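Proteins get letters first, then strands, A, B, ... in listed order; numbering begins at 1 in each. Just so it is clear, the structure is predicted and the values come from calculations on it, not from any experiment.
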Number of protein chains: 2
Amino acid sequence: MVSPSVKDVAALARVSIGTVSNVLNRPEIVSPDTVERVTLAMEKLSYVRNEAARQLRVGHSNALGLITLSGSNPFFTELTTAAEDSAASAGYSVIAGNSNEKKDRESGYLNLFEELRVRGVLISPVGNVVPRLRRMRQRGIPAVLVDRVSNDLSFSSVSVDDVAGGALAVTHLIESGRRRIAVVGGPTEIRQVSDRLQGARQAAAAHPGVTLEVIVVNGLTVQEGRRAGEAIVERAPSARPDGIFAANDLLAIGLLQALNMQGEIAIPDEIALVGYDDILFASASVVPLTSIRQPSRLIGETAVQILLEEAEDPDLEPRQILYQPELVVRASSASAPPA
Amino acid sequence: MVSPSVKDVAALARVSIGTVSNVLNRPEIVSPDTVERVTLAMEKLSYVRNEAARQLRVGHSNALGLITLSGSNPFFTELTTAAEDSAASAGYSVIAGNSNEKKDRESGYLNLFEELRVRGVLISPVGNVVPRLRRMRQRGIPAVLVDRVSNDLSFSSVSVDDVAGGALAVTHLIESGRRRIAVVGGPTEIRQVSDRLQGARQAAAAHPGVTLEVIVVNGLTVQEGRRAGEAIVERAPSARPDGIFAANDLLAIGLLQALNMQGEIAIPDEIALVGYDDILFASASVVPLTSIRQPSRLIGETAVQILLEEAEDPDLEPRQILYQPELVVRASSASAPPA
DNA sequence: GTGAAAGCGCTAACAA
DNA sequence: TTGTTAGCGCTTTCAC
């Protein structure tokens with residue numbers, strides 16, 4: 001009914017529990033035939049180490065905590081998978097949670113991670129978590145910000161240049177002849193959103209005669225995109241934008257559904273559309289979606305690497321890694337603008 | 001540098017550590033002003049309980065383990081979110097991993113979960129894990145199979161009737177006039193795949209004059225779907241099926257890309273297409289996808305509930321919950337068959 | 001209502 | 001090379 005412990009293994013192998021522990025942790029210092037005997041005993045008993053006991057003793061766990069903004073956004077699932085792979089090859093596991101952009105879910109996970117004494121945390125923050133992270137770091141749990149730069153640069157971060165991405169998207173719309181640009185995104189407290197918006201503004205400002213309208217939504221979901229699209233459909237044609245930049249692909253897909261599938265507005269003829277993230281489905285949507293690609297796997301891998309280095313040496317200087325995004329042109333923005 | 005313990009809290013509040021533990025676990029048995037003093041001390045120190053120590057003492061953790069087949073399949077991400085929500089409202093957290101249909105990743109997670117002494121595991125199995133699960137159950141860790149029924153019914157399971165789903169899909173194709181049906185799916189070791197295939201066979205057999213071809217692929221991914229689609233494009237038109245049932249939506253989307261976007265084959269005019277899972281993107285794909293919907297959230301919630309009941313009372317009889325899938329008709333199968 | 005103390009399973013320091 | 005032992009932080013009797 002209960003699991004065997006080192007004691008049981010020791011008894012069966014006729015050695016002390018210290019020796020059992022040694023074959024578990026430093027087999028090289030114990031004689032080959034003792035290793036053999038102990039290993040055999042472990043197999044016979046199907047011994048599985050009690051991680052809680054190990055952890056209590058050594059002071060921290062073998063897990064990394066990861067908090068992303070959304071579990072349904074493929075950008076984050078790719079990042080998560082990459083982080084898991086990197087961590088695994090260094091002997092760590094990762095406990096992944098997503099805040100769904102809710103501050104209380106976020107702090108719930110931080111609580112959990114601190115109770116678990118994880119080795120470090122990767123986080124794409126929603127709320128103002130820096131003070132909390134600072135306290136955790138003082139207690140030996142480092143953190144790396146993912147897809148977000150800390151204001152005061154006191155934490156390492158791995159992110160993509162969202163301002164450049166926003167500018168890239170809107171510049172592309174302008175260069176393909178659009179003049180009345182709308183940006184759809186929100187909530188603006190999310191740094192990624194406000195940065196992309198800022199880039200959009202810069203690009204618009206650099207081109208005289210271009211107007212930029214901001215449509216704020218409550219989340220980066222297909223549903224919110226659909227809602228925003230329905231509002232645009234209801235407008236008089238002359239009041240509609242001729243180019244839309246959506247702050248992520250899920251929003252863009254929602255917009256596409258509302259604009260195109262109700263048969264009202266042709267994409268890209270009447271309105272050109274650009275998304276963000278270049279998720280797997282971007283190329284498979286009703287109209288293949290022009291998008292901004294982020295190196296999601298690379299971000300996850302780099303973040304884990306930096307985190308583990310900081311866990312090893314807490315006095316390392318924080319580093320800010322900034323990757324550049326890339327424009328991927330598809331049908332949703334390909335054709336000429338309306339006459 | 002290190003975290004405060006109950007000892008520190010006790011010292012600050014001028015009580016014994018036993019009392020601190022009591023306000024943590026049974027505050028009702030300690031006097032209100034002591035609770036107050038201790039709570040204050042905890043806040044002052046930002047005390048966070050050491051979960052490993054608690055767990056070592058009580059014998060098991062507050063976490064549930066969950067292993068799904070794929071992290072990029074929205075069916076599983078929805079199921080996972082639902083499981084997390086259910087678990088959270090019962091005071092549990094869930095550690096989610098995905099096997100990517102790899103046996104060694106699967107057993108890696110089972111190892112991890114057993115080392116962690118999770119309260120129970122939810123698993124959508126790839127390999128032959130039943131013996132392993134049996135051993136874990138003997139040691140007090142129950143398991144519930146998700147989206148899969150155990151052969152010997154010794155474990156509870158929550159699943160959808162995949163045979164019925166496969167039949168539903170193919171019957172729909174036949175009733176909309178198709179006669180040369182192809183089923184795309186694999187690997188066939190995955191029970192969901194073989195069940196859907198079996199349902200497809202039954203439906204075909206029930207309709208004289210209908211032929212059924214099985215195209216086996218190596219995984220349920222967009223990429224594999226694209227590969228299968230390319231092979232179909234290369235065939236002589238008369239050798240192509242006029243209806244395809246894909247074992248999941250990711251495959252169907254890949255097929256869609258290969259068939260439709262190369263401009264070769266019209267969907268649904270030349271080939272009608274039915275997917276499985278009704279993921280969020282099914283309605284947003286190049287041609288909105290007819291699909292079989294599974295109650296993913298319901299599955300996750302029910303599975304957690306049963307698992308927690310079994311954790312409470314190990315002698316409960318295993319239960320098999322079988323939900324029925326539902327056909328959702330969209331454009332990819334809507335029009336008339338070829339003349 | 002509160003305190004004292006045992007012990008969960010493990011690792012690591014030290015002794016033999 | 002192997003054995004002995006202290007102690008990680010917590011919960012839970014059992015006295016008081």
Side-chain angles (χ1 to χ4, degrees), chain A residues 1-39 41-42 45-62 91 111 114-119 139-141, chain B residues 1-39 41-42 45-63 91 114-119 139-141:
Chain A
M1 183 61 199
V2 309
S3 302
S5 73
V6 276
K7 213 191 286 186
D8 303 304
V9 175
L12 185 58
R14 307 194 161 281
V15 295
S16 73
I17 62 166
T19 299
V20 174
S21 178
N22 279 335
V23 345
L24 236 26
N25 300 295
R26 296 113 88 216
E28 64 279 6
I29 76 160
V30 16
S31 82
D33 47 322
T34 308
V35 171
E36 167 96 25
R37 261 203 348 280
V38 172
T39 309
M42 286 180 173
L45 297 172
S46 302
Y47 169 78
V48 177
R49 173 167 79 234
N50 184 325
E51 172 63 20
R54 191 200 65 83
Q55 184 175 324
L56 177 58
R57 181 59 227 235
V58 307
H60 56 76
S61 83
N62 269 336
N111 273 332
E114 198 172 352
E115 287 184 354
L116 257 28
R117 303 292 193 268
V118 295
R119 197 66 204 273
R139 295 182 175 175
I141 303 179
Chain B
M1 184 62 199
V2 308
S3 302
S5 73
V6 277
K7 211 192 285 187
D8 303 303
V9 175
L12 185 59
R14 307 195 160 282
V15 294
S16 73
I17 62 167
T19 300
V20 174
S21 178
N22 279 335
V23 345
L24 236 27
N25 299 297
R26 297 114 89 213
E28 64 279 5
I29 78 160
V30 19
S31 83
D33 46 322
T34 309
V35 171
E36 167 96 26
R37 260 197 357 274
V38 172
T39 310
M42 285 181 176
L45 297 172
S46 302
Y47 170 77
V48 177
R49 173 168 77 235
N50 185 322
E51 172 63 19
R54 191 199 65 81
Q55 186 175 323
L56 177 58
R57 182 57 228 235
V58 307
H60 57 77
S61 84
N62 270 336
E114 197 172 353
E115 288 184 354
L116 258 26
R117 304 294 193 265
V118 295
R119 198 65 205 274
R139 294 180 176 177
I141 303 179

Would you please name every residue forming a side-chain hydrogen bond (donor to acceptor under 3.5 Å, both in side chains) with A:Q55, sequence neighbours left out? none
Applying side-chain contact (heavy atoms from CB on, under 4.5 Å) to B:S5 and not counting sequence neighbours gives B:K7, B:D8
Range on DNA chain C touched by chain B - first to last nucleotide, heavy-atom distance under 4.0 Å: C:dG1 to C:dG9
Does the protein touch nucleotides 10-16 of chain D at the base, only the backbone, or not at all? Give it as B, S and - per nucleotide, heavy atoms under 4.0 Å. BBB----
For the helix from C:dG1-D:dC16 to C:dA16-D:dT1, what is the angle between the axes at its two ends, each from 5 pairs, rounded to 10°? 40°
List in chain and number order the residues that pass side-chain hydrogen bond (donor to acceptor under 3.5 Å, both in side chains) with A:T19, two or more places apart in sequence or in another chain; answer none if no residue qualifies. A:S16
Looking at B:E114, is its backbone amide N or carbonyl O close enough to the side chain of B:R117 to form a donor-acceptor pair, meaning the two atoms are under 3.5 Å apart? yes
List the residues meeting side-chain hydrogen bond (donor to acceptor under 3.5 Å, both in side chains) with B:N62, not counting sequence neighbours, and say none if there are none. none
Closest heavy-atom pair and its distance - B:S61, B:A63: OG-N, 3.0 Å
Between CG of A:L12 and OH of A:Y47, what distance do you get to the nearest 0.5 Å? 13.5 Å
Just jot down the side-chain contact (heavy atoms from CB on, under 4.5 Å) partners of A:S46, sequence neighbours excluded, or say none. B:R135, B:R139
The reported gap from OG in A:S3 to NE2 in B:H60 (rounded to nearest 0.5 angstrom) is 12.0 Å
Not counting sequence neighbours, which residues clear salt bridge (charged side-chain N to carboxylate O under 4.0 Å, His left out) with A:R54? List them please. A:E51
